[in-house]
Chemist: 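My questions all concern the structure below.
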Amino acid sequence: MIADFLQFEFLRNTLYTGLLIGLIAPLLGCFIVVRRLSLIADALSHVTLAGIAFGLLMEKKLMTPVISPFYAGLGFSVIASLLIEKLRSMFRNFQEIAIPIILSGGVGLSVIFISLANGFTTDLFSYLFGSVSAVSSEDLRVIVIISIIVLLVIGVLYKQLLVLSFDEEHARVSGLHAKLIHFIFMLLTALVIAASIRIVGVLLVSALMTIPVAAAIRLAKGFKQAMILAILFGETSVIVGLFSGYYFEIPPGGTIVVVSILILLLSFIVQKLLLANKRKTAFEKGVS
Amino acid sequence: MTSILQIDNINFSYEQKAALREVSLQVKKGDFLGLIGPNGGGKTTLIKLALGLLQPNKGSIQLFGQSVSSFKEWNKVSFVSQKANAFNKGFPATVFEVVAMGLTPKIGYFRRFSAKHRAAVKKAVAQVDMSDYLHENISSLSGGQQQRVFIARALVSQPELIILDEPTVGIDHANVKGFYELLQRLNSENGLTLVMITHDLAGIAHYASKLVYLDQQVQYEGSPEQFSLPESDLHILRGIHA
């Protein structure tokens, strides 16, 4: 099975893409989770679906590729990230309302575009749940560029993002460009979602950004350790999920999410064991 | 003595509601100023104005001799809020990481965290007696310990002025005394200027060098020893509206 992934180009593309999103999705996910913005990833992914449906509609109606579904999804996702920010500033006391507005707007547009295209195609199904055979060389090139951008920006803005995530008030008082950093962060989120949909699918992409992080913060001491663990769990989920998806002929989005949930359950058990061990040591110290 | 913060005749209102009227105040180098007053008396508003987060309708504010609107040397000023209460309890950050955040504005975007910065963090943590907890998650500490960590985060950039907004809220009584002693030590030994908003009149009167009572206007400014508030008004300071 591993030989197949090395032998066929489309499977190699999938594997490389998987390894890249297994790195960047949990990495950015760490900031998304601690900033309590997990649902924003969901809203953006649903708007990405609208973009993809728009791209597919254009392909079908015009018979010539004007804009590929991938780029249309990417464009819609970036625009939605700007709209979310606008709505959050307009409803300062009810900021979470931006999420259902954008999410339902995305689903609504998707339904319209899918209907105009006269129904559900197999291609759209692969966008919804991911596919082991959907990544073209062109897709891989774009995903490599997105990954480089994400790694560079997080490398430069790591300290500032951490301050902003931990204490927004302190960030503003310290003279950090909080608005600009948040804006860049939202754009990165839109890019990572667009990069991940080929493998995990629109409906499950936020899972790869949040579940490995949820497992990591149960076990980690400190933010850096949480990032390392989240990436480790993300990569494990992607690799095991991809191979098992290919073996059982199931869309990899489903298997990747199931593996990451298994890792999360395992983290609960390990945390309990660590805690029990700590208590035992403390008790023995107290007795002696 | 040099004036660190100079506030002259400021007025400020939220839409139509006046919050501060003709407020003037001076904080000199080495002061430990306690800012007290009833809820809605404008204490936090005054601090936000001093930090340049709000603009006054009238009057002027100077930090280190410069107008706050054009002030750039923010590394000279640190702010500690009511974090023991408002802080996200599950945040996975160690004491080291939290204190290091205090250096972020100084380091900027493109410089890396160096051995010199690491040493500065360790020194600040030692100053608040938390060295044993350097690699513990902040969420695993008590409210009093967490507030010490936030003081260390404020200290790490070696500011000349620290502004504290009700830092003792959420800290149990036993730890409050130790917290005041820490502030007094930093004030007397390190020459740090402190401005602290509080409802704890008994505590602040014992440790501060100067007291200001603010209820939209400055009602009292002077030594804590000479300050007296009628018994009937004491509930106001605890924030209880009877």
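Note: hydrogens, waters and symmetry copies are ignored here, and every other heavy atom, side chains too, is used. Naming convention: chains lettered A, B, ... in sequence-line order (proteins, then strands); numbering from 1 in each chain.
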Chemist: Should the heavy atoms of other residues, nucleotides or ligands under 6.0 Å from CD of B/Gln6 be counted, would the total exceed 12?
Modeler: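 Yes.
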
Chemist: For chain A, which candidate among B/Phe113, B/Trp74, B/Phe79 shows the most heavy-atom pairs at distances under 4.5 Å?
Modeler: B/Phe79

Chemist: State, with a plain yes or no, whether a side-chain heavy atom of A/Tyr158 is found less than 4.5 Å away from one of B/Thr104.
Modeler: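 SC-SC contact between A/Tyr158 and B/Thr104 ruled out.
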
Chemist: Give the intermediate values and the outcome of side chain to side chain contact (heavy atoms under 4.5 Å, CB included) for residues A/Leu162 and B/Phe91.
Modeler: CA-CA 11 Å; A/Leu162 188 60; B/Phe91 200 102; 4.1 Å; yes

Chemist: Hey, is CZ on A/Phe94 packed in by over 12 heavy atoms from elsewhere, all under 6.0 Å?
Modeler: no

Chemist: Give a yes or no on whether B/Lys106 atom NZ has more than 12 heavy-atom contacts from other residues, nucleotides or ligands under 6.0 Å away.
Modeler: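 Yes, because the 6.0 Å sphere around NZ of B/Lys106 holds more than 12 heavy atoms from other groups.
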
Chemist: Would you confirm whether B/Glu97, through its side chain, and A/Lys224, through its main-chain N or O, come within 3.5 Å as a donor-acceptor pair?
Modeler: yes

Chemist: Atom NZ of residue position B/Lys122 - does it have more than 12 heavy atoms of other residues, nucleotides or ligands inside 6.0 Å?
Modeler: no

Chemist: Within this structure, what is the NZ-NE2 distance for the pair A/Lys221 and B/His135, rounded to the nearest 0.5 Å?
Modeler: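 So the NZ of A/Lys221 and the NE2 of B/His135 are separated by 9.5 Å.
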
Chemist: So, do B/Arg153 and A/Asp167 sit near enough that their side-chain heavy atoms are less than 4.5 Å apart?
Modeler: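 Contact flag for B/Arg153/A/Asp167 side chains = yes.
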
Chemist: Is it the case that more than 12 heavy atoms not belonging to B/Lys210 sit under 6.0 Å from its NZ atom?
Modeler: yes

Chemist: More than 12 heavy atoms of other residues, nucleotides or ligands under 6.0 Å from NZ of B/Lys58: is that the case?
Modeler: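 Yes.
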
Chemist: Is B/Leu103 close to chain A through its backbone or its side chain, or both, or neither, when contacts mean heavy atoms under 4.5 Å?
Modeler: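 It is neither, since no heavy atom gets under 4.5 Å.
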
Chemist: Are the side chains of A/Ile181 and B/Tyr109 in contact, using a 4.5 Å heavy-atom criterion?
Modeler: yes

Chemist: Using 30° and 60° as the class limits, which term best fits the ring planes of A/Phe166 and B/Phe150: parallel, tilted or perpendicular?
Modeler: tilted

Chemist: Which atom pair, heavy atoms only, marks the closest approach of A/Ala220 to B/Asn137?
Modeler: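 Shortest heavy-atom separation between A/Ala220 and B/Asn137 comes out as O-ND2, 3.2 Å.
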
Chemist: Is it true that atom CZ of B/Phe71 has more than 12 heavy atoms of other residues, nucleotides or ligands lying nearer than 6.0 Å?
Modeler: yes

Chemist: If I compare all heavy atoms of A/Val34 with all of B/Pro92, which pair ends up nearest, and what's the gap?
Modeler: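 Nearest pair, atom of A/Val34 first, then B/Pro92: CG1-CD, 3.6 Å.
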
Chemist: Please flag which part of B/Val95 lies under 4.5 Å from any non-hydrogen atom of chain A: side chain, backbone, both or neither.
Modeler: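 The answer is neither part of B/Val95.
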
